[in-house]
Structure formats: C-alpha cells, structure tokens
2 protein chains.
Amino acid sequence: MPRAGLSAAAVAAEAADLADTEGLGALSLKAVAQRLGVASPSLYKHVAGLDGLRREVAVLAAREFGEALGAAAMGRSGPDALRSVAAAYREFARTRPGRYAALNTAPPPEDTEAAAAFRRAAEVLAAVLRGFGVAEEDLVDEIRALRAALHGFADLEARGGFGLPDDVDRSFDRMVERSIAGLRSQTTASDAQAPSGRR
Amino acid sequence: MPRAGLSAAAVAAEAADLADTEGLGALSLKAVAQRLGVASPSLYKHVAGLDGLRREVAVLAAREFGEALGAAAMGRSGPDALRSVAAAYREFARTRPGRYAALNTAPPPEDTEAAAAFRRAAEVLAAVLRGFGVAEEDLVDEIRALRAALHGFADLEARGGFGLPDDVDRSFDRMVERSIAGLRSQTTASDAQAPSGRR
DNA sequence: CACCTCTGGCTAACTTAATTAGCTTTTCAG
DNA sequence: CTGAAAAGCTAATTAAGTTAGCCAGAGGTG
C-alpha cells in the first residue's frame with residue numbers, strides 16, 4: 001500500500017496517452033487505473049468518474065493544442081503564419097490523435113475553465129487571419145472556413161478517410177495554398193486592427 | 001408472443017433514427033430493442049451484436065448519403081452542381097446527425113458491401129469535380145480539399161463548434177463560393193475526360 | 001516522540017449493458 | 001397434418017462504472 005502519488009493532472013496525462021495510442025474509444029477508467037497500477041475506484045479521488053476523466057483529457061488537449069498553434073504563429077505573419085499554423089495543426093492531430101479527438105466535443109458553456117482552453121486555439125487562428133489583413137466583418141466567416149478545412153482534413157486523415165496512397169502531404173499543402181490565395185483575393189487592402197477576438 | 005416482424009433492415013433503420021435523435025453515442029442494443037418492443041437478446045437474430053448494429057447503421061447511412069448527393073448532382077454541372085451537392089451534404093449532416101456521424105468510421109476494406117456504399121458518395125464528388133474541368137492529375141487533391149471543407153464544416157456545426165450566433169448559412173455559402181473560385185483559378189482549360197473514378 | 005487528522009488507496013457490493021445458452025412457439029413448406 | 005427453421009424469450013455470465021465504507025500512511029502539532 002505504498003501511495004501511488006497520483007494527482008488529477010497525472011491521471012489526465014496517462015489517460016491522454018492511452019487515448020493517443022489506443023484510440024479515444026478505448027479510454028476507460030479500468031484501463032487508466034491499470035496503467036497507473038491502482039484499482040479503478042481509486043481514480044475517483046482525482047477525477048469525477050468517466051465523464052470527468054474525459055473532460056480533463058479534453059482540457060489538457062485543448063491547452064496543448066492552443067500552445068502548439070500559438071508557438072507556430074509566433075514571430076510570423078501573413079501567409080507564412082498561416083502555413084506554419086496549418087502545419088502545426090495537422091501535426092498535432094497526427095501525432096496525438098486521441099487528444100485531437102478529445103477536442104471535438106465542445107465543453108458546456110458553464111465550464112469556463114474548459115471554454116477558455118478551447119478558445120485559445122480559435123484565437124490563434126483569428127489572430128493569424130486578422131494579421132493577414134482580413135476585414136473584421138469577414139473574420140467570422142474566414143475563421144469558420146479555415147477551421148473547416150483544417151479540421152476536415154485532419155479528421156479525415158485520422159479516420160483513414162483518404163483511401164488512396166497518393167501523397168497526402170501534397171494534398172494538404174495545396175489546400176493551404178488555396179486558402180491563402182482565397183484570402184488574398186478577398187482581402188480588401190484595409191489592414192484592419194480591431195479589438196475583440198473570439199471565434 | 002406475437003412475432004414482432006423484425007428484419008436486419010428494420011433494426012438498422014430504427015437504430016439510425018435513434019442515433020439521429022439521441023446521438024450516435026446513445027446507440028445501444030438495449031435502447032433499440034426497447035423502441036422495437038423486444039428484448040435485447042432478440043436483436044442478435046438480426047444483427048451481429050453492437051458492432052454489427054453500428055456497421056448496419058453506417059452502411060444504411062452511406063447509402064442514403066450517396067443517394068442524396070447523387071440526386072443533388074443530377075442534371076447539373078460545374079459551379080451549379082457543386083453548390084447543389086454542397087448544400088445537400090450539409091443538409092444531410094444537419095437533419096440526420098446520427099447517420100452522418102456513423103459515416104465517419106471507414107469500413108474495413110474486406111467489407112466490400114460497406115466499402116461500396118461509402119465509395120458512392122466520394123464518386124459523386126469526383127464526378128462533380130471532373131465535370132467541373134479539373135485535370136485528372138489534380139483530382140485526388142481537389143477531392144480531398146473539397147471533402148475536408150464540407151466535412152469539417154458539417155462536423156464543426158454538428159458539434160456546436162461554431163460558438164457565435166453569426167449567420168452560419170452565410171459562412172457556408174461563402175466557403176462554397178471560395179471553393180468554386182479556387183477551382184476556376186486552377187482549372188487549366190483542358191476539359192478532362194478520363195475513365196476511373198474512385199476517391 | 002506520541003498523537004491526530006486528512007488523504008489516497010483498497011475491497012466489497014450494486015447497476016447497467018452486452019453477450020451467450022438453451023427453450024418455446026410461430027410460421028410455412030411439403 | 002407435420003416437422004423443422006426462424007424469431008422471441010428468459011436465465012445466466014461478464015465487463016465496466018460507480019458507491020460505500022474501511023484502513024494505512026504522511027505530515028503537522030503538543
């Protein structure tokens with residue numbers, strides 16, 4: 001009965017790793033407990049059951065995701081920033097598929113901590129587009145289009161939706177360049193510089 | 001003990017409806033059996049357990065999805081076809097979210113029946129793009145970009161990923177027009193007319 | 001150093017859903 | 001009319017989540 005020295009963070013991290021390697025669907029209290037060398041009821045001292053565990057994983061993933069995108073955007077702007085962020089987005093989804101999948105459940109609005117973690121990633125995209133020269137009035141539409149393209153690609157790739165062996169990297173690069181070209185054609189010269197920045 | 005008159009198709013249809021109304025995650029043998037007025041073990045006479053039920057729902061959904069896209073493309077070509085198919089795609093995802101979600105698990109390649117059902121939808125997109133004038137060598141990339149945009153948008157919308165109330169219809173229309181513009185700019189005049197057509 | 005209390009882990013017990021086994025009755029071909 | 005396959009059922013098993021309540025160990029305190 002030596003203490004296992006767990007914590008909510010340690011449990012969430014182990015759960016996230018399990019999700020990455022075995023798939024989010026394989027995430028269970030039982031499996032996480034075994035990996036940590038404890039009995040499953042012990043986890044209740046750290047997380048609020050299976051739902052709570054999922055929530056912790058989602059928050060952890062959202063934080064890491066936001067950080068990854070933010071780091072990719074740092075020191076860059078315009079097309080350069082977009083390429084870098086897009087690459088980081090896909091890279092995250094590929095290397096941490098369980099975490100990425102965990103992101104795809106919007107947290108309830110009353111869970112402000114989770115919502116904040118989720119918002120960060122969206123804000124990076126907003127910043128990139130705004131710095132790209134997108135007018136404030138078009139920003140919401142542009143963010144949605146960009147998110148759709150990136151998420152759709154990452155999700156299809158992760159699920160094996162791209163059946164053909166054809167070079168997926170090239171497809172992605174082309175899609176990103178297409179987005180850049182579209183943004184350019186639409187940007188109205190006004191370099192935009194407004195305050196707010198959600199979604 | 002009057003016979004309930006079930007069949008694999010009837011079970012799958014009930015399951016798909018349940019998934020649409022309660023969410024794919026709520027799909028269980030228990031719930032489907034209750035809706036059909038039978039005991040859960042009875043379902044085993046029609047489907048191969050929970051996994052089998054999921055598979056049936058996926059195949060059903062794939063067929064309906066392919067039909068919906070095909071119908072939308074019929075009699076149209078070029079931008080007109082793309083707009084119509086895109087609208088049908090989103091409409092399907094919105095009105096039948098459980099079925100749409102069920103589509104997002106690629107069937108194992110050895111399940112040829114399921115694979116065929118899934119392929120049909122992809123072929124409609126391929127046909128639209130090919131008839132659009134996309135060169136055969138670019139087709140794979142273009143299909144992937146289009147699928148990514150449509151799936152990403154539909155998926156984010158379904159999951160409540162678009163937090164803001166801003167007009168989602170407009171965002172979608174703009175994204176589709178952006179795709180059309182991108183295709184136009186890239187189309188190389190060669191009107192293309194090659195045989196094969198998967199993915 | 002002895003003691004006290006809180007924390008973290010454990011075992012036992014309960015619930016729900018999936019699944020299997022084996023029984024029974026309906027249906028319908030002959 | 002008869003008999004067998006099909007379609008439902010009940011009973012029983014297994015796995016996972018969850019709750020309740022016990023117990024030891026860690027750390028602070030007199």
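Given the structure is predicted, the values throughout are model-derived calculations rather than measurements. Letters A, B, ... are given to chains in the order of the sequence lines, protein chains preceding strands, and every chain is numbered from 1.
The stretch residues 25-52 of chain B touches DNA chain C through B:Ser28, B:Leu29, B:Lys30, B:Pro41, B:Tyr44, B:Gly49, B:Leu50, each having a heavy atom within less than 4.0 Å of the strand. Annotation: proximity of residues 7-24 of chain B to DNA chain C (heavy atom, distance under 4.0 Å) is found for no residue.
Under the salt bridge (Lys or Arg N to Asp or Glu O under 4.0 Å) criterion, A:Arg170 pairs with B:Asp141, sequence neighbours left out. With sequence neighbours excluded, the residues that form a salt bridge (Lys or Arg N to Asp or Glu O under 4.0 Å) with B:Arg90 are B:Glu157, B:Asp169. Applying the salt bridge (Lys or Arg N to Asp or Glu O under 4.0 Å) criterion to B:Arg54, with sequence neighbours excluded, gives B:Asp51.
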Side chains of residues 22-37 of chain B: which donor-acceptor partners sit under 3.5 Å, not counting sequence neighbours?
{"unit_1": "B:Ser28", "atom_1": "OG", "unit_2": "B:Ala31", "atom_2": "N", "d": "3.1"}
{"unit_1": "B:Arg35", "atom_1": "NH1", "unit_2": "B:Glu14", "atom_2": "OE2", "d": "2.9"}
{"unit_1": "B:Arg35", "atom_1": "NH2", "unit_2": "B:Thr21", "atom_2": "OG1", "d": "3.4"}

Please tabulate, for side-chain N and O atoms in residues 102-112 of chain A, each donor-acceptor pair with protein atoms closer than 3.5 Å (sequence neighbours left out).
{"unit_1": "A:Asp111", "atom_1": "OD1", "unit_2": "A:Arg55", "atom_2": "NH2", "d": "2.8"}
{"unit_1": "A:Asp111", "atom_1": "OD1", "unit_2": "A:Ala114", "atom_2": "N", "d": "3.2"}
{"unit_1": "A:Asp111", "atom_1": "OD2", "unit_2": "A:Arg55", "atom_2": "NE", "d": "2.6"}
{"unit_1": "A:Asp111", "atom_1": "OD2", "unit_2": "A:Arg55", "atom_2": "NH2", "d": "3.1"}

Quick one: side chains of residues 57-84 of chain B, donor-acceptor pairs under 3.5 Å with protein atoms, not counting sequence neighbours, listed by atom name and distance.
{"unit_1": "B:Arg63", "atom_1": "NH2", "unit_2": "B:Glu113", "atom_2": "OE2", "d": "2.8"}
{"unit_1": "B:Glu64", "atom_1": "OE1", "unit_2": "B:Arg96", "atom_2": "NH1", "d": "3.2"}
{"unit_1": "B:Glu64", "atom_1": "OE1", "unit_2": "B:Arg99", "atom_2": "NE", "d": "2.8"}
{"unit_1": "B:Arg76", "atom_1": "NE", "unit_2": "B:Ala72", "atom_2": "O", "d": "3.4"}
{"unit_1": "B:Arg76", "atom_1": "NE", "unit_2": "B:Ser84", "atom_2": "OG", "d": "3.3"}
{"unit_1": "B:Arg83", "atom_1": "NE", "unit_2": "B:Glu177", "atom_2": "OE2", "d": "2.6"}
{"unit_1": "B:Arg83", "atom_1": "NH2", "unit_2": "B:Glu177", "atom_2": "OE1", "d": "3.2"}
{"unit_1": "B:Ser84", "atom_1": "OG", "unit_2": "B:Ala72", "atom_2": "O", "d": "2.7"}

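Sorted by first and then second residue, the salt bridge (Lys or Arg N to Asp or Glu O under 4.0 Å) pairs with a member in residues 158-168 of chain A read A:Asp155-A:Arg159; sequence neighbours excluded.
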